[in-house]
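Labels below follow one simple rule: chain letters A, B, ... track the order of the sequence lines, proteins then strands, and each chain is numbered from 1.
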Amino acid sequence: MQPNYLPSTIEQQAQQHWDSRQAFKAAESGDKPKYYCLSMFPYPSGKLHMGHVRNYTIGDVLSRYHRMKGFEVMQPMGWDAFGLPAENAAMANNVPPAAWTYSNIEYMKQQLKALGLGIDWSREVKTCTPEYYRWEQWLFTRLFEKGVIYKKTAVVNWDPVDNTVLANEQVIDGRGWRSGAVVEKRDIPMYFFRITQYADELLSGLDQLDGWPEQVKTMQANWIGKSFGVRFAFEVAAAGDNAAISHQLPATELLWVYTTRADTIMGVTFVAVAAEHPLATRAAQNNPALAAFIEECKQGGVAEADIATMEKKGMDTGIKVTHPLTGEQVPVWVGNYVLMGYGEGAVMAVPAHDERDFGFAKKYNLPIKQSIQVAGETFSTDAWAEWYGDKEQGVCVNSGKYDGLSYDQAIDAIAADLAAKDLGEKKVQFRLRDWGISRQRYWGCPIPIIHCPSCGDVAVPDDQLPVVLPEDVVPDGAGSPLAKMPSFYECSCPKCGGAARRETDTMDTFVESSWYYARYASPQCDTGMVDKAAAQRWLPVDQYIGGIEHAILHLLYARFFHKLMRDEGLVPGDEPFKNLLTQGMVIAPTFYRDEPNGKKLWINPAEVDVATDERGRPTGAVLKADGQPVVIGGTEKMSKSKNNGVDPQAIIDEFGADTARLFMMFAAPPDQSLEWSDAGVEGAFRFLKRVWKAVSDHVEQGVVAAYSGGELSAAAKALRFQLHQTIAKVDDDLGRRKTFNTAIAANMELLNALVKFNEVASRNVVQEALEAIVLMLTPIVPHMSQALWSELRPGSDLLDQSFPKADPAALVQDEIELVIQINGKLRGSLRVSKDADKATIEQLALAHEAVQKQLAGGTAKKVVVVPGRLINVVI
RNA sequence: GCCCGAGUGGUGAAAUUGGUAGACACAACGGACUUAAAAUCCGUCGGGGGGAAACCUCCGUACCGGUUCGAUUCCGGUCUCGGGCACCA
C-alpha cells in the first residue's frame, strides 16, 4: 500500500470509478425508499465560492449517508441562470448575457465535479433554456386565464437620467448607481401573482413543517402577518372646513383606514394619507406648497428599509374629516411614511398610543389625546413611555361609553358601533402583498402575453409556446432591449389575428427558482411541466439545504408555487420541502490600507502575514509583498467588495477536495457562520494523513477478518466500547442532528485511542475499528474512504457498503461513574454497579470523603440523585 | 425603523431533555528526533489565590436581574454583532 496520502491521485481514481459505475444515477423504480436531497442551485456568477462549497458538501454528506442507510438517493444540480449580473457583465465586456452565462456554467460544473459530489448529472437543468422556461410560460397562461395572475400598476425606482427602472440594489443613498441621479418613485403597469389568495394556507401550512427550523417558520409567519383589526371610514364633508375644495368633492366621500388598535380610536387626533392618495392629489391642486411636498415625497427609492428609517415628514392638506364615533373634525395630513400600496394608503393617527404618531405629533404640534391607561402609570405628553402602546394591560379611558373596556372588549364594542353606522367592520388583513413579477429587463423569461388593440391582453396559446428570448443581444443599460426589437415584439393577435404587440417585460427570476425542484423529477419531459408519475415518485424534497438569507422570499414563493401546481393536478402533497437546513455564511478576516483619496484598499488575506504575541493574540499584520503594515478589519462574509474571499479551487489544488470538505464540515455546525482559517485547513489535512497512516501501518502487517466474537482483554474491550459508542453517536449526528462537526470530532477521538492501542493479539479489533472509521468518514471524505476501503477489504467496493451499526453487546458496562456535587458544585465522583438503587447510591455518596469533609459532622439538608448521572448533596 | 438569530479560553468550537463548562481541533509555548529545516511524535495550555508537589480553593459561558438542589441551557430587561425587509440571488 502507498504509505503517503496523495489526494490528487486517489481523488481522480475515485471519481473515475464512480463515473464508470454511474453510481449516482437515481433509479425511477425499485424497492428502496427514496431520498430526494436538494441543495439550492447556484447562480452561475463565474466560479464557485466557499458558500457553494459548503452548501453542496452538506448536501453530499447527507446524500451519501442516506445511500449507506439503504435509500435510493436523488441529488440533482442545475443553474439559476437568468438574472441581473449577466446583464451587468454583458455591458462591461460587450458579451451577450447568454454566452457569458453558458461559459460560466461550463466552468463551474467542472469545479463541482472536482469536489466529488454524488450528483445525478443526467437531471441537470438550466433555467435560461426554452426547454425549461416554456413550462413556466405555460403555467403563466393557465394562471392568467384563471385570474390568479392579474395586472395593476405598482411603484418602482425610476432613474430619470438613464430612463430605466432600477433594482433596489442599484439605488445607493437614493441615487442611481450608474447615473448618480436622484431616483424617483414611478407607477408602471405590472403582472401580479395573487399570492394573498393563498395567505391563509401559506400560514397554516407552516404547522405541518416539523422538519423546518422554528426561526424560519416564525419569519414566514411574521412576513405573512395575519392581523385581526377594523376597517373603518372617516366622512369627508363637502362643506364647512372643506369649502375651499368642495367643488372637487362628492356630497359624501369616505376616507377608509385599517387599524389593529381600534381600542384607541377615541384618541385619534389626525389622519395621515400617502402622498399618492387621491385626497392628497386633489388638495394639492390649489396648494402649491402641498404639491411641492408631494413631489418631494416621490424622491428616493422604494425599499422599505429606506422608507422606515428616513425622517418622518408631513404636511397638512387643509382637509378635515369627521370622526365616525365622536363626530369631531380631524385634520388630514400627508405623511411620507404612509405607503399607497399598503392597506388603504391612509392610517388613523393616535399619538398617545403609537410611538411613530407620537413623534410626528410632537414634531408638528398636533394634539395628543390619551385614551388608554395602565393601572399605576402616569401619562404625560412630554415623552413616550413603553406602556402607552400596551394592549394587554391597557383599558380605555376618556373614551365615553367604552371607558374601562379591555382591548378585546373595546374592539368588539367599537366594531359593532361602526357597523351600525355602516362605517366599518372587523377585518382580517395580511401584511403579505401580491407578488409583482414584471421586470423591465432583457435576461429573463419572456412574459407570454400579447397586447391587442381590440382584444386587450391575450395569453399566448400553448401551440405558440415557448416565446423564445433571443440570445445574441447585448443590453446598454437604458431600458429594455426587447422593447427596441420589432422582430421580437411585432406579432399578431392569437384571437382576432390583427396586428398586436408582444409584452417585452420578463419575469422575476424568483419564478424560475420556485419550481425547479419539481422539474428535477422529470427534467427532460417535453409533454408537460412535470411528469406526474415522476413527481409522485420523488416529491416532496426530503431535505432542502440553502442559505438563511432565503428564509422568506424564495422559500415562500416556492411553497406558493407548489400549491399552484398542486391545484393544476401536477404535484402531490401540499408542501414542497419536508426538511429544511439553513446553512450559515462563510466569513473571513479583512485587511485594508487607507488610501490618500479617503477610500479603503482591501487586501486579500492570502497576501498578508499576521504577527502574534507569545499567547497567540494578533498584534499586527503586514503585506507580504512590501513588509509594510496593513490594518486588521473585522471578520465578515466573504465578498468581492471586501476582497476577503478564498478561492476554493486553490484549496482543492493544494490539499484535495476531501480536505476542503472535511474542514468545512468540522469548523462549525452547518447552521452557524463558518470562519475560514488556513491553519484549520492544514489541521484537517493532518487528520486525513493520520487516518491514512493508521490504515497503512495496519495493512502492511496484513489485513485480518474483523472481530466477530470471543474473549477480549480489558483494553480491547474498552476500545470496542468506545468504537461502538462512537458509531451510535456518529449515526445520530449525521442522521438526526446534522452536526457534522461533532461526528468528525468523535472519529478523531476514536483514532487517537486506536493509535495508542497496541495489542498484537487484538488485530481483529483494530481491523473492525479501522473499517468503521472509514465507513463513518465516507459521507465526508468519500475519495480517501474509497481508496482505504479497497485496501482494508480487497475486492470489495465501498459504494456497496452500509453504514456501520453499533453492537449493543459492546456497550454493556458493569460499572458506571457518577458525579458528586455539593450545592451544585463538582466535588468528586463515584463508581457504582450499573443497577445500584437510589438508596445505595445516596449512602455511598454521603460516605464519600469529600462529602464528609464538607459536612464536618453535620447532616445533609437534601440529597438529589439523578440516575446514571449525578448526586447533588445540599448542605 | 420592523421581523428573525447569535454572543462560551488567544482562536474555531463542545456540553443532545435543566445535571461534571471548555470535548475535538487551531494557534502558542516547552521537549524528542535531525548537521539543520520541514514533517512527525510527546507534554503544557480560562483567570486569580495557596502549595515543593499531588492537589486545594475562589471567580468565570456579552451585561443586569429572576426561577431552581443545580442555569451556557428556562424567564424578564440591556448592549453588541449578523440575516431579511418584497426589483441582488
Side-chain angles (χ1 to χ4, degrees), chain A residues 40 42-43 45 80 83-85 156-157 165-171 213-216 218-223 225 301-310 312 337 355-356 431-441 508-510 513 547-554 556-557 582 584-585 587 612-618 634 636-637 666-669 671-684 686-687 689-690 693 729 732-733 736-737 739 741-742 744-749 752 817-821 823-827 829 861-864 866 869-870 872-874:
Chain A
M40 288 182 187
Y43 177 78
S45 54
D80 187 15
L84 202 51
V156 294
N157 303 307
V165 176
L166 297 179
N168 284 337
E169 184 190 56
Q170 298 170 316
V171 178
E214 273 319 305
Q215 172 195 7
V216 174
T218 307
M219 279 193 265
Q220 291 216 349
N222 290 340
W223 183 264
V302 298
E304 192 188 308
D306 295 334
I307 291 166
T309 49
M310 73 188 174
K312 310 286 176 288
Y337 59 90
E355 192 169 4
R356 190 178 61 184
R431 206 188 77 97
L432 181 69
R433 314 198 293 257
D434 277 338
W435 176 16
I437 53 107
S438 297
R439 297 291 179 269
Q440 300 67 48
R441 292 191 223 299
D508 181 359
T509 56
F510 271 127
S513 56
I548 183 69
E549 66 271 21
H550 296 294
I552 296 174
L553 293 178
H554 163 62
L556 189 66
Y557 292 148
T582 52
M585 294 175 308
I587 57 179
T612 56
D613 65 12
E614 71 281 1
R615 308 231 30 179
R617 278 177 280 235
E636 300 189 47
K637 178 176 177 170
F666 179 60
D671 54 353
Q672 271 179 43
S673 63
L674 178 149
E675 187 178 329
W676 185 261
S677 150
D678 288 332
V681 174
E682 283 172 42
R686 211 173 299 157
F687 172 67
K689 283 195 286 190
R690 272 163 58 80
K693 184 166 186 300
K729 177 181 171 52
D732 189 44
D733 282 354
R736 180 183 62 90
R737 297 180 68 207
T739 52
N741 55 331
T742 52
I744 294 164
N747 273 295
M748 287 174 167
E749 286 182 75
N752 289 343
E817 184 163 302
L818 295 179
V819 160
I820 299 178
Q821 291 183 340
N823 291 340
K825 282 184 182 166
L826 175 69
R827 283 293 182 271
S829 67
K861 209 190 270 178
K862 187 175 174 182
V863 181
V864 180
V866 183
R869 277 203 186 268
L870 56 72
N872 188 17
V873 183
V874 186

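- Among the protein residues, A/His550 comes within range of the nucleic acid bases, having at least one heavy atom under 4.0 Å from a base atom.
- Residues passing the ring-ring contact (aromatic ring centres under 6.0 Å, His included) test with A/Trp435, sequence neighbours excluded: A/Phe193, A/Tyr557.
- To the nearest angstrom, P of B/A27 lies 11 Å from CG of A/Asp678.
- Inter-residue side-chain proximity for A/Phe510 and A/Ile437 is flagged as unmet; no heavy-atom pair is nearer than 4.5 Å.
- Distance from the side chain of A/Phe666 is smallest for B/G12 among the nucleotides B/A89, B/C88, B/G12.
- Counting to the nearest Å, the C1' atom of B/C4 and the CG atom of A/Leu556 are 15 Å from each other.
- Position along RNA chain B of the nearest nucleotide to A/Ala668 versus A/Arg736 favours A/Ala668 as the more 5'-ward residue.
- The side chain of A/Arg431 has B/A86 as its nearest neighbour among B/C4, B/A86, B/G1.
- No donor-acceptor contact under 3.5 angstrom links the side chains of A/Arg431 and A/Asn222, judged on distance only.
- Considering only side-chain N and O atoms, A/Gln672 lies nowhere under 4.0 angstrom from the phosphate OP1 or OP2 of B/A6.
- In terms of modelled atom types and a separation under 3.5 Å, the side chain of A/Asn157 and the main chain of A/Val302 share a donor-acceptor contact.
- With rounding to whole Å, A/Lys637 atom NZ is found 7 Å from B/G83 atom P.
- Of the candidates B/C85, B/A21, B/U16, B/A21 carries the atom nearest the A/Leu826 side chain, counting heavy atoms from C-beta on.
- The A/Arg737 side chain lies nearest to B/A15 when the options are B/A15, B/C59, B/A89.
- Between A/Thr509 and the phosphate of B/A89, there is a side-chain N or O to OP1/OP2 separation shorter than 4.0 Å.
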B/S/- along nucleotides 67-75 of chain B (protein heavy atoms under 4.0 Å) is --BS-----
Dot-bracket for RNA chain B, 5' to 3', Watson-Crick and G-U pairs with both distances under 3.5 Å, [ ] for crossing pairs, | for partner on another strand, reads (((((((..(((......[....))).(((((.......))))).(((((....)))))..(((((..]....))))))))))))....
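- If you check the side chains of A/Thr742 and A/Asp733, you find a donor sitting under 3.5 Å from an acceptor.
- Closest approach to the A/Pro85 side chain among B/C88, B/A13, B/U20 is made by B/C88 (side chain taken as heavy atoms from C-beta onward).
- More than 90° away from 0 lies the glycosidic angle of B/G10, which makes this nucleotide anti.
- Below the 3.5 angstrom threshold, one finds a donor paired with an acceptor across the side chain of A/Lys729 and the base of B/U16.
- A close approach under 4.0 Å does occur between a side-chain nitrogen or oxygen of A/Asn168 and OP1 or OP2 of B/A86.
- Nearest-nucleotide mapping onto RNA chain B: of A/Val216 and A/Ala308, the residue sitting toward the 5' end is A/Ala308.
- Using a 4.0 Å heavy-atom distance criterion, A/Val165 is classed as a base contact.
- Rounded to whole angstrom, the span from the CD atom of A/Glu169 across to the C1' atom of B/G83 amounts to 16 Å.
- Looking at the side chain of A/Pro669, the nearest of the listed nucleotides B/A25, B/U40, B/A13 is B/A13.
- Rounded to an integer number of Å, the gap from CD1 of A/Ile552 to C1' of B/C88 is 16 Å.
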